[in-house]
Amino acid sequence: MQVAVLTFDGFNELDSFIASSLINRCRKDGLEAFITTPAPVVTSMNGVEVTGQRPMEFVTEADVVLVGSGVRTRDVVADDRLISRLTLDPSRQLIGAQCSGALVLARLGLLDGMPACTDRKSRPFVEACDVTVLDAPFHAEGNIATAGGCLASQYLAAWVITRTLGEDAARAVVDYVAPVGENRETVERAMRAVRSGESVLH
């Protein structure tokens, strides 16, 4: 199973790298994430240059697509040529968005009638797309999920791992990266966020 972590110019390192790093701890179980970019090299909001592992067209074949956020997401959604390269299918793919990545899902029409999570700065722009923004770090309905706040990327990764490999696998990954001495509460917080995020409207 392959995961495309969509990463645009101006990206937030925490959003793309936390999700991809956690998911890649499941490589031996057949789940692997790739930094997926619209150009061969993209530059983060803090000037870190990253070479993409897969071109943006990889999203069409990936089993999971996670849309990262950044300081130029509004430019991304305003670029018709760039958006036209994104063909996502929630009937066969798990699709998630981190913070301002919710704007991309809204632009693609994937949040119609569905509330979303995003960060505080992106909130008014997501709401301007007629999307209800929740005061929560994570929300999922069916095969679509959104997370709000950089460190909520761990919840998005935990959701992907739970949906593809099961809750035990997600717990094992979060436990491994948890601060020493805080393993149990870190794991329970992550899994509680995933469970409650999937049951908000049910």
Side-chain angles (χ1 to χ4, degrees), residues 1-12 14-16 18-20 23 33-39 42 45 52-134 136-150 152-153 155-157 159-160 163-164 194 197-198 200-201:
M1 294 170 286
Q2 301 184 110
V3 182
V5 181
L6 263 178
T7 303
F8 300 100
D9 262 324
F11 73 94
N12 183 316
L14 292 173
D15 295 346
S16 288
I18 289 175
S20 61
I23 291 167
F34 300 91
I35 299 297
T36 302
T37 56
V42 292
M45 60 190 291
Q53 297 171 292
R54 295 287 185 275
M56 203 160 77
E57 287 68 25
F58 174 64
V59 299
T60 60
E61 62 185 85
D63 303 287
V64 182
V65 179
L66 299 182
V67 184
S69 76
V71 295
R72 298 175 64 180
T73 308
R74 280 184 286 158
D75 295 332
V76 170
V77 297
D79 187 333
D80 291 337
R81 181 179 297 177
L82 190 58
I83 288 295
S84 70
R85 294 169 63 190
L86 289 175
T87 304
L88 307 184
D89 183 0
S91 71
R92 65 173 184 82
Q93 295 173 305
L94 294 180
I95 299 169
Q98 178 69 41
C99 292
S100 65
L103 287 170
V104 175
L105 298 195
R107 175 73 164 77
L108 294 171
L110 296 174
L111 296 180
D112 288 350
M114 174 181 169
C117 299
T118 192
D119 63 282
R120 284 176 291 182
K121 284 190 174 182
S122 299
R123 180 171 188 151
F125 302 105
V126 176
E127 290 178 330
C129 298
D130 293 324
V131 174
T132 299
V133 174
L134 301 171
F138 177 82
H139 178 69
E141 290 184 30
N143 287 344
I144 297 177
T146 52
C150 299
S153 53
Y155 303 153
L156 202 55
W159 174 74
V160 169
R163 287 290 304 272
T164 55
V194 171
E198 289 191 313
V200 166
L201 298 182

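All values below come from the heavy atoms of this structure, side chains included, with hydrogens, waters and symmetry mates left out. One-based numbering along the sequence shown.
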A.B. asks: R123: what forms a salt bridge (Lys or Arg N to Asp or Glu O under 4.0 Å) with it, not counting sequence neighbours?
C.D. replies: E127, D135
A.B. asks: With rounding to the nearest 0.5 Å, note down the distance linking OG1 in T118 to CG in L103.
C.D. replies: 6.5 Å
A.B. asks: By salt bridge (Lys or Arg N to Asp or Glu O under 4.0 Å), which residues pair with R74, not counting sequence neighbours?
C.D. replies: none
A.B. asks: Quick one: does W159's side chain get under 4.5 Å of H139's, heavy atoms only?
C.D. replies: no
A.B. asks: Is any side-chain heavy atom of D75 closer than 4.5 Å to one of D9?
C.D. replies: no
A.B. asks: So, taking the atom named CZ in F11 and the one named SG in C99, what distance separates them when rounded to the nearest 0.5 Å?
C.D. replies: 14.5 Å
A.B. asks: How long is the straight-line distance from CD of Q2 back to OG1 of T164, given to the nearest 0.5 Å?
C.D. replies: 12.5 Å
A.B. asks: With a 4.5 Å limit on heavy-atom distance, are the side chains of D63 and L94 in contact?
C.D. replies: no
A.B. asks: Using atom types as modelled and distance alone, determine if a side-chain donor or acceptor of S122 lies under 3.5 Å from a backbone N or O of D119.
C.D. replies: no
A.B. asks: Which heavy-atom pair separates A102 from L111 by the least distance, and what is that distance?
C.D. replies: O-CD1, 3.5 Å
A.B. asks: Kindly determine whether I35 and V42 satisfy side-chain contact (heavy atoms from CB on, under 4.5 Å), including the steps that lead there.
C.D. replies: CA-CA 10 Å; I35 299 297; V42 292; 5.6 Å; no
A.B. asks: Give a yes or no on whether R81 atom CZ has more than 12 heavy-atom contacts from other residues, nucleotides or ligands under 6.0 Å away.
C.D. replies: no
A.B. asks: Minimum heavy-atom separation for T87 and Q93, please, with both atom names.
C.D. replies: O-OE1, 4.4 Å
A.B. asks: Is there a donor-acceptor pair closer than 3.5 Å between any side-chain N or O of Q98 and the backbone N or O of S16?
C.D. replies: no
A.B. asks: I'd like to know whether V104 forms a side-chain contact (heavy atoms from CB on, under 4.5 Å) with R107, so could you lay out the CA-CA distance, the side-chain angles of the two residues, the decisive distance to 0.1 Å, and finally the verdict.
C.D. replies: CA-CA 5 Å; V104 175; R107 175 73 164 77; 5.6 Å; no
A.B. asks: Minimum heavy-atom separation for A157 and I23, please, with both atom names.
C.D. replies: CB-CG1, 4.1 Å
A.B. asks: Might you point out which heavy atoms bring F138 and L156 nearest each other, and give the distance in Å?
C.D. replies: CE1-CD1, 3.9 Å
A.B. asks: List the steps, then state whether side chain to side chain donor-acceptor pair (under 3.5 Å) holds for S69 with N12.
C.D. replies: CA-CA 6 Å; S69 76; N12 183 316; 4.7 Å; no
A.B. asks: How long is the gap from CZ on F8 to OG1 on T37, to the nearest 0.5 Å?
C.D. replies: 9.5 Å
A.B. asks: Going by the rule side-chain contact (heavy atoms from CB on, under 4.5 Å), which residues pair with T36 if we only count those two or more places apart in sequence or in a different chain?
C.D. replies: A4, L6, F34, R54, F58, V59
A.B. asks: Could you state the interatomic distance from CG (L88) to CG (N143), rounded to the nearest 0.5 Å?
C.D. replies: 12.0 Å
A.B. asks: Could you report the tightest heavy-atom contact between A116 and V131, atom names first, then the distance?
C.D. replies: CB-CG1, 3.8 Å
A.B. asks: To the nearest 0.5 angstrom, please state how far the CG atom of L14 sits from the SG atom of C150.
C.D. replies: 5.0 Å
